[in-house]
Amino acid sequence: MKNITEGIQDAGELLKAVSSKLVSAKHSHSVGELALAEGKNREVRRLFGALGHEVEQLIRTQIGPIRLGE
């Protein structure tokens with residue numbers, strides 16, 4: 001997930017995460033955790049799409065200092 005924190009050009013825009021962590025990985029799918037500085041339009045999907053990966057599900061766990069509950 002190193003490319004995600006270094007940045008990827010997509011449609012003339014630099015997309016990058018502040019930090020990224022691989023939570024789990026299996027043959028059919030993986031789970032990752034990203035921290036973004038700003039929420040550009042569909043940024044996570046575009047980041048992974050540029051690397052050839054499809055995002056099946058996104059779950060927002062925190063907005064700034066506020067952790068979200070279930």
Side-chain angles (χ1 to χ4, degrees):
M1 293 181 60
K2 186 176 180 182
N3 290 342
I4 291 175
T5 56
E6 291 176 353
I8 296 169
Q9 285 288 333
D10 181 60
E13 217 174 354
L14 179 64
L15 306 174
K16 71 183 216 176
V18 174
S19 65
S20 66
K21 179 172 80 170
L22 183 61
V23 177
S24 68
K26 296 182 180 172
H27 180 69
S28 61
H29 69 278
S30 300
V31 176
E33 187 175 291
L34 302 179
L36 303 175
E38 57 183 303
K40 295 178 183 170
N41 185 37
R42 300 176 54 85
E43 185 171 10
V44 174
R45 292 184 190 279
R46 290 170 57 199
L47 273 166
F48 282 99
L51 295 172
H53 302 291
E54 179 185 354
V55 175
E56 293 180 2
Q57 182 180 18
L58 289 174
I59 300 172
R60 184 177 298 212
T61 59
Q62 186 170 334
I63 301 172
I66 303 168
R67 293 216 31 103
L68 303 175
E70 295 183 30

Exercise. Can F48 and I8 be said to form a side-chain contact (heavy atoms from CB on, under 4.5 Å), step by step?
Worked result: CA-CA 10 Å; F48 282 99; I8 296 169; over 6 Å; no
Problem set entry | Whether K40 side chain and L14 backbone form a donor-acceptor pair below 3.5 Å |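 At least one qualifying donor-acceptor pair exists.
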For this session: Please check if atom CZ in R45 has more than 12 non-hydrogen atoms from other residues, nucleotides or ligands closer than 6.0 Å.
Result: yes
Exercise. Excluding sequence neighbours, so at least two apart, what forms side chain to side chain contact (heavy atoms under 4.5 Å, CB included) with S30?
Worked result: L22, A25
For this session: State which residues pass side chain to side chain contact (heavy atoms under 4.5 Å, CB included) with L36; sequence neighbours excluded, sorted by chain then number.
Result: A17, E43, V44
Distance-only donor-acceptor hits, side chain of residues 54-67, under 3.5 Å, sequence neighbours excluded:
from, atom 1, to, atom 2, distance (Å)
Q62, OE1, R67, NH1, 3.0
Q62, NE2, G64, O, 2.7

Exercise. Do I4 and V18 belong together in a cluster built from hydrophobic side chains that touch within less than 4.5 Å?
Worked result: no
For this session: Find the distance between NZ (K16) and CD (E38) and round it off to the nearest 0.5 Å.
Result: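 Here the interatomic distance stands at 10.5 Å.
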For this session: Enter the distance from K26:NZ to S24:OG here, rounded to the nearest 0.5 Å.
Result: 6.0 Å
Problem set entry | From N3, L47, T5, residue fulfilling side-chain contact (heavy atoms from CB on, under 4.5 Å) relative to S20 |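 Testing S20 for a side-chain contact (heavy atoms from CB on, under 4.5 Å) against N3, L47, T5 leaves exactly one candidate, T5.
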